[in-house]
Asks: 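Okay, handing you the structure first.
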Amino acid sequence: MDFTHRVWHVVRQCPRGKVVSYGGVAAILGTPRAARGVGQALQALPPDTKVPWWRVINRNAEISIRGGHGPILQRKLLEKEGVKFNRAGRTDWKKYGWDGVLRRPLDANE
DNA sequence: ATAGTGACTGGAA
DNA sequence: CTTCCAGCCACTA
């Protein structure tokens, strides 16, 4: 099983209404520095996938996709699950962070 | 094997 | 707080 499939396997376990960072997924896989690789894996997802790719956001708790309707769709899907965004387009790790994922002690970001 | 690209990150400016 | 920059990893040509 290659890296891409392992990423999908992990993301698929993210519960509804929760979010995880690219780095977080990478950490679960044992490769904390493979955040970009995680992004690559998600971009490779087929359009009819059942993997909750929208629950994966960047370290600032904001949507990292750029261009097209992608970012709008992701935000919509998250809000539909109860995830709220602040004025800066960011969500809250404290409230929606996936329990199975731990990050650095800073999490001081809103 | 080498080089370029990016849904990333942490640290410096 | 914002922008920049240099590593890092996987993928593709």
Side-chain angles (χ1 to χ4, degrees):
Chain A
M1 193 178 227
D2 58 15
F3 182 81
T4 299
H5 280 271
R6 284 187 290 172
V7 169
W8 296 352
H9 185 68
V10 171
V11 175
R12 191 163 42 197
Q13 293 176 61
C14 184
R16 195 167 176 289
K18 295 285 187 178
V19 292
V20 60
S21 69
Y22 297 91
V25 174
I28 294 175
L29 292 174
T31 54
R33 299 301 160 205
R36 300 186 85 147
V38 172
Q40 289 288 77
L42 294 182
Q43 186 171 52
L45 278 168
D48 62 329
T49 182
K50 303 168 192 57
V51 178
W53 56 268
W54 56 88
R55 298 186 188 134
V56 185
I57 57 185
N58 67 23
R59 76 174 148 118
N60 292 314
E62 58 189 9
I63 291 172
S64 197
I65 306 176
R66 303 176 201 191
H69 53 284
I72 301 174
L73 172 62
Q74 179 166 19
R75 177 164 177 160
K76 223 167 216 198
L77 290 168
L78 286 174
E79 293 183 317
K80 192 162 58 180
E81 299 185 343
V83 177
K84 294 181 166 54
F85 289 80
N86 63 20
R87 191 166 56 118
R90 297 190 303 209
T91 177
D92 189 344
W93 283 121
K94 291 284 175 48
K95 298 192 58 163
Y96 314 112
W98 184 13
D99 301 300
V101 185
L102 297 185
R103 52 184 52 63
R104 295 188 149 299
L106 70 130
D107 60 47
N109 6 344
E110 300 116 271

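Keep in mind that the numbers below use all heavy atoms, side chains included, and drop hydrogens, waters and symmetry copies.
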Asks: A/Tyr22 has an atom OH; how far is it from atom C1' of C/dC11, in whole Å?
Replies: 16 Å

Asks: Could you check how far CG of A/Leu73 sits from C1' of B/dA7, rounded to whole Å?
Replies: 13 Å

Asks: Ignoring hydrogens, what is the shortest heavy-atom contact between A/Tyr96 and A/Gly17? Give both atom names and the distance.
Replies: CD2-O, 3.8 Å

Asks: Any chance you could measure A/Lys80, atom NZ, to A/Leu78, atom CG, to the nearest 0.5 Å?
Replies: 10.5 Å

Asks: Specify the closest pair of heavy atoms between A/Arg59 and A/Trp93, including all atoms of both residues, with the distance to one decimal.
Replies: O-NE1, 3.2 Å

Asks: Would you mind reading off the distance between A/Asn60 atom CG and B/dT9 atom P, rounded to a whole angstrom?
Replies: 8 Å

Asks: Using whole Å, report how far CZ of A/Arg66 lies from P of B/dT5.
Replies: 16 Å

Asks: Looking at A/Tyr22 and A/Leu42, what are the two nearest heavy atoms and their distance?
Replies: CE2-CD1, 3.9 Å

Asks: Between B/dC8 atom P and A/Ile28 atom CD1, what is the distance in whole Å?
Replies: 17 Å

Asks: Whole angstrom is fine here: how far is it from CG in A/Leu29 over to P in B/dT9?
Replies: 14 Å

Asks: Specify the separation, in whole Å, of atom NE2 of A/His5 and atom P of C/dA10.
Replies: 15 Å

Asks: With sequence neighbours left out, write down each residue that passes side chain to side chain contact (heavy atoms under 4.5 Å, CB included) with A/Pro71, or none if nothing qualifies.
Replies: A/Ile63, A/Ile65

Asks: Distances under 3.5 Å only, N/O to N/O: pair up the protein atoms with those of nucleotides 7-9 of chain C.
Replies:
unit_1 : atom_1 : unit_2  : atom_2 : d
C/dG7  : O6     : A/Arg36 : NH1    : 2.6
C/dC9  : O4'    : A/Arg33 : O      : 3.3

Asks: Would you kindly give the CD1-to-P distance between A/Ile72 and B/dA7, to the nearest whole Å?
Replies: 16 Å

Asks: Using only atom types and a distance under 3.5 Å, with no angle test, would you say the side chain of A/Thr31 pairs donor to acceptor with the backbone of A/Ala34?
Replies: no

